Amino acid sequence: MPDERPRPKYGELAPEGWQWTPPAPPAGSDVPVPSGESTGRPAARPADAEPRSADPRATGTSTDGRYGGPAAPYSGAPRPYSPAPHGRDGLTGTAAGQRPVRVGDVAFTALILFIGVLFSASMLPALFDFNTVLAQAAALQGYGTYTASAAASTAGVIAGVVTIILQLGSIVVCVRRIAVRRLAFPFALIFGVATFLAWVVAISFAFFNDPSFAQQLMTRPTP
């Protein structure tokens, strides 16, 4: 006796006991009827087929084989950390692979550069008028008379140019290293020491370039 109950519509549940029966192929056609469809029940599994497991961890594979690729093996381990979008670290907010800002290094470097620029600015006028300044210094210290010379004036000009170059180089190098977040204060110290040595060499050359003044320095009695 055919089942006269209404068939369920899309989205509805079938009434209890209802089974779908596929339509029979036309008479004389060679369309095979798959096993299990004539009765409305699924086909029986082969005896040698592997039993299915409800838990994908039992077989060591994942059911998430999206985009046509093979399913990834299930390891049970947590996923590795990946950076946040736009190449920024989600924990620190800095760009991925970039060093954090050294606040102490930036502050110490800025202090050294400020002191170097301050001393250089006060020293440059003396270096470009070297003979006059050296004569005044010798008179104030009681070292006798200093004789001006062209060599001493040239040494002062050279020391002034070297001072400008070293100070500009110090600022450029330190700013570039701070921009890439690398240690900068040692370079500020190196440029500062080099500038001071340039002053000492220029002053020593100017004083000892005057033989009479150098003799006065060597023979002056100590108090």
Side-chain angles (χ1 to χ4, degrees), residues 83-84 86-223:
H86 308 295
R88 302 195 70 80
D89 194 337
L91 297 178
T92 62
T94 57
Q98 197 173 31
R99 298 177 177 86
V101 178
R102 296 182 173 94
V103 180
D105 174 63
V106 174
F108 194 35
T109 303
L111 179 62
I112 296 174
L113 292 178
F114 174 75
I115 295 174
V117 170
L118 187 64
F119 276 90
S120 298
S122 62
M123 192 68 179
L124 282 175
L127 292 174
F128 287 110
D129 192 12
F130 213 26
N131 283 321
T132 303
V133 173
L134 291 178
Q136 293 175 355
L140 289 175
Q141 296 296 327
Y143 286 108
T145 305
Y146 171 76
T147 305
S149 64
S153 179
T154 303
V157 172
I158 293 175
V161 174
V162 171
T163 299
I164 295 174
I165 294 174
L166 289 176
Q167 289 304 308
L168 292 178
S170 176
I171 294 172
V172 171
V173 171
C174 292
V175 169
R176 288 176 63 88
R177 290 189 67 85
I178 290 174
V180 296
R181 303 186 180 185
R182 294 182 179 273
L183 205 61
F185 85 89
F187 292 87
L189 285 176
I190 292 172
F191 278 97
V193 171
T195 303
F196 180 75
L197 289 178
W199 298 344
V200 171
V201 170
I203 294 172
S204 301
F205 173 80
F207 277 147
F208 287 96
N209 189 56
D210 182 6
S212 61
F213 184 76
Q215 184 65 26
Q216 294 176 25
L217 290 177
M218 300 297 294
T219 59
R220 183 183 180 184
T222 58

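Worth saying up front: this structure is predicted, and the values here are computed from it rather than measured.
- In plain terms, the two heavy atoms of S170 and L113 that are nearest each other are OG-CD2, 3.0 Å.
- Pairing each heavy atom of A159 with each of A202, the nearest pair is CB-CB, 3.6 Å.
- Nearest heavy atoms, N209 versus S149: ND2-OG, 3.0 Å.
- Note that CD1 of I115 and CG of L118 are 8.0 Å apart. Values are rounded to the nearest 0.5 Å.
- Distance check: I178 CD1 to F185 CZ gives 11.5 Å after rounding to the nearest 0.5 Å.
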Result block: side-chain N/O donor-acceptor pairs under 3.5 angstrom for residues 186-198, not counting sequence neighbours:
| from | atom 1 | to | atom 2 | distance (Å) |
| --- | --- | --- | --- | --- |
| T195 | OG1 | Q167 | NE2 | 3.3 |
| T195 | OG1 | F191 | O | 2.8 |

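- With rounding to the nearest 0.5 angstrom, the CZ atom of R102 is 10.5 Å from the OG1 atom of T109.
- Environment of CZ in F128: crowded, with over 12 heavy atoms of neighbouring residues, nucleotides or ligands closer than 6.0 Å.
- Going from atom OG of S153 over to atom CG of L127 covers 10.5 Å, rounded to the nearest 0.5 Å.
- Under the 3.5 Å distance criterion, the side-chain polar atoms of S122 are matched with a main-chain donor or acceptor of F119.
- A donor-acceptor pair under 3.5 Å is formed between the side chain of D105 and the backbone N or O of A184.
- Taken from CG in D129 to CG in L124, the straight-line distance is 12.5 Å, to the nearest 0.5 Å.
- No donor-acceptor distance shorter than 3.5 angstrom exists from the side chain of R181 to the backbone of P100, with no hydrogens or angles considered.
- Contact of the F205 side chain with the F130 side chain is not registered, since no non-hydrogen atoms from C-beta on lie closer than 4.5 Å.
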